[in-house]
Amino acid sequence: MEHFEFLDNRDEKLILSEIEAGNKNALHGLMIVNVDDFLLIRQKYGNEYSDEILTQLMGLLKKTFRGTDIIVPLRGDEFVIFIGNVRDIYSLELLGAKLHSAINSLKLKDNDFLTASIGMSVYPIHGKTYSELKDKSYQAMLQVKRSGKNAYRLYDSAKTKALFFYYMFNRADFEKKAKDNEYFFFDIGERYRDICTAMFRLNEDSVSALQSIMELSCLYLG
């Protein structure tokens, strides 16, 4: 329970407990969803209608995610979601894309559309505690904000995908190295070809796969 200081909401204890008691051999996802320019929405439409928008968004989140996933409202315009037992990295990205599209479908008055910035992290790639995962999701969400908002992003996407395949290829070695460094360095040269092949095989979007491989190559070559 050493990470309770990172809880902004008492309901987040549900997520922390799920991580502590859940399947340690599975992948889990954590999302931070932050509504874009919500202060301006409040100023334009008023508090009552703004609260109605948040209620609609909460309903949309419940429809998008499974009943076993945990959705916690944070500071009004922000939500944290724990998605247990994710099949792979690409499944989490597809879920991010689905959520992003669904949020954009929510129409406001005056033909405005709701948008949000979504950041994602993965257990155990980015850490094994709630505070570590939440921090990585926040960093990814803030990167979306800096890049123009209204998008979703997996934390350090190219390196994360390489780490994911390294995790799949040699889980024992991954676990050993992960103990030494939270977001550790490893020599991807040993598995570069396997990783690139797996990226193309699992990613339905070949352009996205190629972009990830190019980013990964830049990381490897320095």
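The basis for the numbers below is simple: all heavy atoms, side chains too, and nothing from hydrogens, waters or symmetry mates. Here the structure is a predicted model, which is why all the values come from computation and not from measurement.
Counting only distance, with no hydrogens or angles, the side chain of Arg146 and the backbone of Met141 share no donor-acceptor pair below 3.5 Å. Under the 3.5 Å distance criterion, the side-chain polar atoms of Thr64 are left unmatched by any main-chain donor or acceptor of Leu99. Listed for the Tyr130 side chain is no donor-acceptor partner under 3.5 Å among the backbone atoms of Glu20. With Ser147 contributing its side chain and Val144 its backbone, the two residues share no donor-acceptor pair below 3.5 Å. Judged by distance alone, the side chain of Asp69 and the main-chain N or O of Ile81 form no donor-acceptor pair under 3.5 Å. Remark: side-chain polar atoms of Ser121 are paired, donor with acceptor, to backbone N or O of Leu133 under 3.5 angstrom.
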Task: side-chain hydrogen bond (donor to acceptor under 3.5 Å, both in side chains) evaluation trace for Asp36 with Ser117 - done: CA-CA 6 Å; Asp36 294 328; Ser117 299; 2.7 Å; yes
- [ ] Any chance you could lay out the side chain to side chain contact (heavy atoms under 4.5 Å, CB included) test for Phe38 and Leu54, step after step, and finish with the verdict?
- [x] CA-CA 10 Å; Phe38 192 69; Leu54 292 177; 3.6 Å; yes
Task: Derivation of the side chain to side chain contact (heavy atoms under 4.5 Å, CB included) call for Phe79 and Ile32 - done: CA-CA 6 Å; Phe79 300 81; Ile32 297 290; over 6 Å; no
Task: Chi angles and distances behind the side-chain hydrogen bond (donor to acceptor under 3.5 Å, both in side chains) call for Ser91, Asp88 - done: CA-CA 5 Å; Ser91 297; Asp88 54 46; 3.1 Å; yes
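The two residues Val86 and Gly29 have their closest heavy-atom pair at CG2-N, 3.6 Å. Nearest heavy-atom pair across Ile15 and Ile70 is CG1-CG2, 3.7 Å. Closest approach of Ile89 to Val122, counting heavy atoms only: CD1-CG2, 3.7 Å. Lys145 approaches Val35 most closely through the heavy-atom pair NZ-O, 3.7 Å.
Contact check for Met120 versus Leu95: no side-chain heavy atoms found under the 4.5 Å cut-off. Residues Leu57 and Asp77 fail the side-chain proximity criterion, which asks for heavy atoms closer than 4.5 Å.
Ionic pairing of Asp51 and Arg42 is present here: one or more N-O contacts between side-chain nitrogen and carboxylate oxygen are shorter than 4.0 angstrom. Salt-bridge annotation for Lys44 and Asp112: present, with a side-chain N of the basic residue lying under 4.0 Å from a carboxylate O of the acidic one. Using a 4.0 Å cut-off between charged nitrogen and carboxylate oxygen, Asp156 and Lys136 do not count as a salt-bridge pair.
Under the rule for a side-chain hydrogen bond (donor to acceptor under 3.5 Å, both in side chains), Asp110 has no partner lying at least two apart in sequence or in another chain.
A donor-acceptor contact under 3.5 angstrom links the side chains of Thr129 and Glu132, judged on distance only.
For NZ of Lys107, the number of neighbouring non-hydrogen atoms (other residues, nucleotides, ligands) closer than 6.0 Å is 12 at most.
The aromatic rings of Tyr123 and His28 are tilted relative to each other, their planes meeting at an angle between 30° and 60°.
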